[in-house]
Amino acid sequence: MKKPFLSVVFVIAALLPAGAFAQVELNPTGFSGTYPRVQAAPDGSFHMIYFSDSGGDIRHARFAGGAWGSETAVPQSGNASTVKYNLASFAVDPGSKPHVVWGPGANWQDISNHTRGVGYWNGATGAQREIFDDYTEYVALGINTAGRKLFASAVILLPGDSAPSGIAWAEMSGDSLGGFTRFDGADHEGKYVSFCVGSDGTLHLVWRWRYVRYAKFDGNAWNAVERLATSDGSAEYPSCSVDASGNPHVGWLMWQDTGGGTWKPTEIRYAVHKNGSWRPSTDGYLLQSLSAGGTSPTAASDALGNVAAVWSEGSRLMLAVSTDGGDSFGSPSAVRTDLKPGYDTQFSQPSVPVFVYDGKFQAIYTRSDGELVRAVFTDIVVVEKDAGTDDTGIGDAGVSDSGAAEDGSNPDATAGDTGELPDSALPDSGEPDATQADAAAAKDTGTKPGAPDGGTLSKDTGTRTDSGDFEYGLGCGCATVGL
């Protein structure tokens, strides 16, 4: 008898119909603050940083085993900016340790006394240090799956510069920052720089200067800078994530001149790069036209390409779901209406981070009472990619498969399992097994979860060899990791 493989459970994605309201389970974190950022870790935990309103510094907390650990004050982060220019950025390394960078409030206008310096924390108590001692705006940190750390700043003052200009990047070795390089053809200025990383180790970078700019680092070099959001207007606060197939997803908030020089946020837009091009176009997909202020969307993906995009509109937490890898979305719905005042403009809050954890799409935001809360979308079931070690179809209930199709209400024939299709959720009749056992078709090809390949391969054979764990594409300026 073929025994069920219980360490991985497959479920069909129960995704929302257009316009439906998601069921949300609200989990207070016990922490109060703003500007939450989330990163998943290879050890199965996830990390959060945020700005403590009471402490006036950056705090770090880790969620593991179903509970939060104690918050930790990032050493010497009391000078951290709480304005858009230099909000904290962080990444988690392959050893599941957090790394944080931040800058002071930018003040280029006072050239004789402009603010300067970039703080860095390597996750060890008391180990904060300054890694760059001159002027920056909009800093970001990215760490790939091999542990390489890249730092970027959208505006930077380098030796010999008469004024800060041009987005630049540098690699960190240990706790030391190397020399900076400006991107070829980069704008004279930039804003809102953010990294995300794929499970293959590719680092992706987005920023904006009127348009959205995108570049990726394959471990040896950066590709040519690409441009999105080319329509009239101004794109703000781009975010990126990477799905299990290595496709980058980018979201942004579009502003328009509504007349007389008055600019307002008007649209939530989103694009995904597949098969060599941005889809549906470089101007992206219109997720929603705004009636109030809002934040840029973030996205998370499951192993089959189901995508959840989340953003704020005034005090509302908005959700839209795609079942085709981000090519199209159902109608958005307001899943919470209790966001703290301040999410209504792009100047006061970064995007609401969305991510996959424990088989659910989740988000963290600041509630109107100031507490950080974790919203779990309980009726959107993600599909997990199996570990590549056994067939994850439902086990036989007492008879062997005919191999012609999925199990139904009738007893199976006496022949062995051909391995063409996994067992369905419908049980066998319960009659005793025939003398022939199921065939040894135990491994997955990676083309779809649960499809046997005859037992010739031990791991998934999708776009890359996986580690034998689930793969998720996480949003929020995040990583793709194994949980």
Distance, nearest 0.5 Å, that separates [atom1] of [X] from [atom2] of [Y]:
| X | Y | atom1 | atom2 | answer |
| --- | --- | --- | --- | --- |
| Glu130 | Leu177 | CD | CG | 11.0 Å |
| Asn86 | Ser153 | CG | OG | 6.5 Å |
| Gln256 | Thr262 | CD | OG1 | 13.0 Å |
| Arg227 | Arg210 | CZ | CZ | 8.0 Å |
| Glu25 | Thr378 | CD | OG1 | 6.5 Å |
| Thr295 | Met318 | OG1 | CE | 11.0 Å |

Could you tell me if the side chain of [Y] sits less than 4.5 Å from the side chain of [X], heavy atoms only?
| X | Y | value |
| --- | --- | --- |
| Arg148 | Leu203 | no |
| Pro238 | Tyr192 | yes |
| Glu226 | Thr282 | no |
| Trp252 | Leu228 | yes |
| Cys240 | Pro248 | no |
| Trp222 | Trp169 | yes |
| Met48 | Leu372 | yes |
| Gln39 | Arg37 | no |

Salt bridge [X]-[Y], side-chain N to carboxylate O under 4.0 Å:
| X | Y | result |
| --- | --- | --- |
| Arg62 | Asp43 | yes |
| Arg208 | Glu236 | yes |
| Lys149 | Glu171 | no |

(request) Identify the residue among Leu205, Val242, Asn223 that makes a side chain to side chain contact (heavy atoms under 4.5 Å, CB included) with Lys216. (result)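 Among the candidates, only Asn223 passes.
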(request) Run through Phe195, Tyr120, Phe180 and flag the one making a side chain to side chain contact (heavy atoms under 4.5 Å, CB included) with Phe151. (result)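 With Phe151 as partner, Phe195, Tyr120, Phe180 yield a single side chain to side chain contact (heavy atoms under 4.5 Å, CB included), made by Phe180.
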(message) I'd like to know whether Asp257 forms a salt bridge (charged side-chain N to carboxylate O under 4.0 Å, His left out) with Lys264, so could you lay out the CA-CA distance, the side-chain angles of the two residues, the decisive distance to 0.1 Å, and finally the verdict.
(response) CA-CA 7 Å; Asp257 185 346; Lys264 292 183 179 179; over 6 Å; no
Using a 3.5 Å distance criterion without hydrogens, assess whether the side chain of [X] forms a donor-acceptor pair with backbone atoms of [Y].
| X | Y | answer |
| --- | --- | --- |
| Ser296 | Gly251 | yes |
| Asn122 | His99 | no |
| Thr266 | Trp255 | no |
| Arg269 | Gly284 | yes |
| Glu267 | Leu290 | no |
| Ser351 | Pro297 | no |

Where do [X] and [Y] come nearest, in terms of heavy atoms and distance?
| X | Y | result |
| --- | --- | --- |
| Val193 | Ala154 | CG1-N, 4.1 Å |
| Val24 | Ala375 | CG1-CB, 3.7 Å |
| Ala271 | Ser281 | CB-O, 4.1 Å |
| Ala299 | Val307 | CB-CG1, 4.0 Å |
| Ser89 | Leu141 | OG-N, 3.1 Å |
| Ala41 | Ser96 | CB-OG, 3.7 Å |

(message) Using side chain to side chain contact (heavy atoms under 4.5 Å, CB included), reason through Phe377 and Val310 one step at a time and then give a plain yes or no.
(response) CA-CA 11 Å; Phe377 306 131; Val310 169; 4.0 Å; yes
For a quick check under 3.5 Å, do [X] and [Y] share a side-chain donor-acceptor pair by atom type?
| X | Y | answer |
| --- | --- | --- |
| Asp200 | Thr202 | yes |
| Asp338 | Ser368 | no |
| Ser315 | Thr337 | no |

Fit a plane to each ring of [X] and [Y], take the angle between them on a 0 to 90° scale, and name the class: parallel (under 30°), tilted (30 to 60°) or perpendicular (over 60°).
| X | Y | result |
| --- | --- | --- |
| Trp278 | Tyr214 | perpendicular |
| Phe31 | Tyr50 | parallel |
| Tyr357 | Phe46 | perpendicular |

(request) Begin with the C-alpha distance, continue with both residues' side-chain angles, and end with the deciding distance and a verdict on side chain to side chain donor-acceptor pair (under 3.5 Å) for Glu371 and Thr29. (result) CA-CA 7 Å; Glu371 183 166 8; Thr29 66; 4.7 Å; no
(request) Assess whether side chain to side chain contact (heavy atoms under 4.5 Å, CB included) is satisfied between Leu150 and Phe217, documenting all intermediate values. (result) CA-CA 10 Å; Leu150 299 189; Phe217 183 76; 3.7 Å; yes
(request) Identify which one of Tyr270, Tyr285, Phe329 satisfies the ring pair (Phe, Tyr, Trp, His ring centres under 6.0 Å) criterion when paired with His249. (result)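 When Tyr270, Tyr285, Phe329 are each tested with His249, the ring pair (Phe, Tyr, Trp, His ring centres under 6.0 Å) holds only for Tyr270.
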(request) Could you check Tyr237, Phe183, Tyr138 and say which one makes a ring pair (Phe, Tyr, Trp, His ring centres under 6.0 Å) with Trp207? (result)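 So the option named by the test is Phe183.
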(request) Return the set of residues passing side chain to side chain donor-acceptor pair (under 3.5 Å) with Trp311 (not counting sequence neighbours), or none when no residue passes. (result)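 If we apply the side chain to side chain donor-acceptor pair (under 3.5 Å) test to Trp311, skipping adjacent residues, the hits are Gln288.
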(request) Output, in order, the C-alpha distance, side-chain angles, deciding distance and verdict of side chain to side chain contact (heavy atoms under 4.5 Å, CB included) for Val250 and His273. (result) CA-CA 9 Å; Val250 178; His273 193 277; over 6 Å; no
(request) Evaluate the criterion side chain to side chain donor-acceptor pair (under 3.5 Å) for residue pair Asn306 and Ser322; output intermediate values, then yes/no. (result) CA-CA 6 Å; Asn306 300 308; Ser322 169; over 6 Å; no
(request) Mind running side chain to side chain contact (heavy atoms under 4.5 Å, CB included) on Lys340 and Thr34 for me, showing each step along the way? (result) CA-CA 9 Å; Lys340 181 179 180 178; Thr34 51; 3.6 Å; yes
